[in-house]
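Heads up: the structure comes next, in structure tokens.
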Amino acid sequence: MKLPQDLSYFLYEGSFSKKQKFSSFGLKTMAINQVEGNILQEEGHWEEAIASYYQALKLNPQNWEIYNRLGQVYQAQNQITETISVYRQGLTLLNPHYAKAVAAYQNAAITQEMLVTPPIPQGEVTVGDYEFPAIPPVTESEKPRPFWTVVIPVYNRTNYLLECLASVLVQWPGAEQMEILVIDNASTPPLFDLVNSIGRGVIRYYRNQENIGVLPNHNVGISLSRGQWIHILHDDDCVLPGFYNRLQQSLQGCPDSIGAAFGNFEYFNEKGTVVEKGEVISWFGDDKGIPQNFLQAIGVTCPLQVPAVVIRRVTHEQLGGYYPHLVCASEWELYKRIAVSYNWWYEPESFARYRIHSHRLTDDDLSSGILATSIRQGIEISKSYLPVEHRADITIQACSYNFNYCLTRAAIPLKSGNVAGALRMLQEILKLDRSPQALAKLFAWLTQDEVAPVREEIIAKLLSVPVDNIPTELQPPQTAIAP
């Protein structure tokens, strides 16, 4: 097996042993074992990967990435007991706050009960021409509040949940600074035992009595939070060591005008391998702080991803939660709504990971027109509350940009022979932009060989239209025939 010369590249940048150098033989051997494990894991050689990782742990038991990699390998084989064991071992060793809380819970001999989600006060907040779900103020606000609330909404999926939870728990600074809420949207069976297997004594688990929908479940978590800043983390994503500490250093004591913050992130796949960096750095550069013209950027498209975003709770109290009627791109609408009223803070480092699934943009999402419809609805919603002086310009740019974005994906349904789906996609994007420039791009797109079935279907539909139904201005001129 040929190994890369620069082994340090493959060691986790957020490792707790950053300051160690690779000059000693032991650390070089540890690096080799870890890289071997990574390669073997990629190739699906599970037992050999496990052996390499354990050899690396013997030389450096302080490296969180190795525990995380072992957890991924065990999870991929559905060896849940082993997954739980390795995560608990790493968490107990590397986070004294976690070790103390778990020990105290066990010594108290408390039987933790599954909490039913309590009733949430219902209300609405009007922004522009639309009403958004209200987020109630914190109850017992006179009591001490943590800086962070991490909300992890879940429903049935367990493939990556332990990895997600562990990525937060390894950074947990204690109950005074962070609360972690798991909001189970009526999973069958409940995920209570799985969450408690590594979160008992730290994580607070709630279960809805019935499934209320994805976005309402997010809003429940926000409503139950007591933290000053809220981080929504989906169960298949994760954060890297340093995420909360770095953001808290910047946000603690920041002016009230800052209502949300974001950082760069990494895309990683179903195997846990990082495939590329997020687009944020190319948009906003390397300097942290309040980005200039953020509204003009976020108003056109959304380069942010949910795991790399945190929002001040009072921002939600003022502007509401997620708009439940948007099937896709709901976070984009929320970020625009916030940008109209608050500044955003930017951290250029990549301390979050967003998972890309092989079914990320499914044929159903595209052929049904859901993606284009949601984008168009989001643009219409924000048009009602954008500042008057920027409204027309941002809206036109957003329509043009997203017409192009959707057009480049309109051929995807054709890969499965779904011509009708591709046509529906085109119908939806024409509602976004019908300018001469957009139509020219559409006609150019239709000349491609790969979309010939769509082109032929459009011609067939036109030929089937009776002449009487064609507008006069589109009918060919009549030529007189001599008797």
Side-chain angles (χ1 to χ4, degrees), residues 1-18 20 22 24-95 98-99 102 157-171 191 193-200 235-241 266 268-275 353 355-358:
M1 181 183 298
K2 185 177 180 181
L3 298 176
Q5 292 181 349
D6 184 12
L7 297 176
S8 63
Y9 172 80
F10 288 87
L11 289 182
Y12 190 36
E13 292 180 355
S15 168
F16 287 87
S17 56
K18 260 184 178 178
Q20 294 175 333
F22 296 100
S24 70
F25 174 78
L27 286 176
K28 286 182 179 178
T29 305
M30 181 273 293
I32 292 172
N33 286 329
Q34 186 174 347
V35 174
E36 283 181 342
N38 293 351
I39 295 172
L40 291 165
Q41 181 181 348
E42 272 291 299
E43 296 174 348
H45 301 304
W46 307 126
E47 295 306 317
E48 295 93 332
I50 289 171
S52 291
Y53 287 141
Y54 274 115
Q55 286 297 320
L57 273 184
K58 287 181 181 179
L59 295 168
N60 183 13
Q62 301 293 319
N63 191 326
W64 170 249
E65 174 64 2
I66 303 175
Y67 293 100
N68 190 48
R69 284 284 189 169
L70 277 166
Q72 290 175 348
V73 172
Y74 284 130
Q75 180 72 65
Q77 301 174 87
N78 203 32
Q79 297 180 7
I80 305 304
T81 301
E82 290 80 1
T83 307
I84 294 168
S85 176
V86 75
Y87 277 132
R88 291 192 65 170
Q89 178 186 351
L91 292 169
T92 302
L93 179 64
L94 297 177
N95 188 346
Y98 174 87
V102 170
R157 183 170 56 188
T158 60
N159 309 52
Y160 313 103
L161 180 55
L162 290 171
E163 180 182 359
C164 170
L165 296 175
S167 77
V168 179
L169 289 168
V170 75
Q171 303 180 62
L191 303 182
D193 290 336
L194 186 63
V195 172
N196 265 9
S197 67
I198 64 171
R200 185 179 291 111
D235 63 271
D236 58 337
D237 297 332
C238 70
V239 287
L240 307 183
E266 298 170 338
F268 69 143
N269 61 20
E270 291 157 315
K271 294 182 178 180
T273 302
V274 174
V275 293
R353 286 181 177 168
R355 197 178 302 270
I356 299 176
H357 296 274
S358 56

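When all heavy atoms of Y98 and I198 are compared, the closest pair comes out as OH-O, 2.7 Å. In terms of heavy-atom proximity, D235 sits nearest to R157 at OD2-NE, 2.8 Å. Contact detail for L162 and S197: the closest heavy-atom pair is CD2-OG, 3.8 Å. In plain terms, the two heavy atoms of Q41 and W46 that are nearest each other are O-CZ3, 3.7 Å. Smallest separation of non-hydrogen atoms from P61 and Y67: O-OH, 2.8 Å. What you find for S52 and L40 is that their closest heavy atoms are OG-CD1, 3.7 Å.
Judged by distance alone, with hydrogens and angles left aside, the side-chain atoms of T92 form no donor-acceptor pair with the main-chain N or O of Q89 at under 3.5 Å. In this structure a side-chain-to-backbone donor-acceptor pair under 3.5 Å is missing from S85 to T81. Between the side chain of Q75 and the backbone N or O of I80, no donor-acceptor pair lies under 3.5 Å.
Between the side chains of N269 and H357, no donor-acceptor pair of N or O atoms lies under 3.5 Å. Side chains of Y87 and N68: a donor on one and an acceptor on the other come within 3.5 Å. A donor-acceptor contact closer than 3.5 angstrom links the side chains of E163 and Q72. Side chains of N33 and Y54: no donor on one and acceptor on the other come within 3.5 Å.
Side-chain contact check for V239 versus V168: some heavy-atom pair is nearer than 4.5 Å. Under the 4.5 Å side-chain criterion, counting only non-hydrogen atoms from C-beta, L57 is in contact with L70. Counting heavy atoms from C-beta on, the side chains of R353 and D237 never come closer than 4.5 Å. In this structure, the side chains of N95 and L169 stay at 4.5 Å or more apart for every pair of heavy atoms. Taking 4.5 Å as the limit, every side-chain heavy atom of E82 sits out of range of all side-chain heavy atoms of Q77.
Note that the CD atom of Q55 and the CD1 atom of I50 stand 13.0 Å from one another [nearest 0.5 Å]. Between atom CD of residue E48 and atom CD of residue E36 there is a gap of 11.0 Å, rounded to the nearest 0.5 Å. Between atom CG of residue D236 and atom OH of residue Y160 there is a gap of 7.5 Å, rounded to the nearest 0.5 Å. We find the CD1-CD distance between I39 and E43 to be 7.0 Å, quoted to the nearest 0.5 Å. Here the CD1 atom belonging to I66 is positioned 8.5 Å from the OH atom belonging to Y53, to the nearest 0.5 angstrom.
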Is there a side-chain contact (heavy atoms from CB on, under 4.5 Å) between L240 and E266 once you walk through the steps? CA-CA 10 Å; L240 307 183; E266 298 170 338; 4.1 Å; yes

Going through the checks in order, is the side-chain contact (heavy atoms from CB on, under 4.5 Å) test met by R69 and Q34? CA-CA 9 Å; R69 284 284 189 169; Q34 186 174 347; 5.6 Å; no

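By the 6.0 Å and 45° rule, R355 stacks over the aromatic ring of F268.
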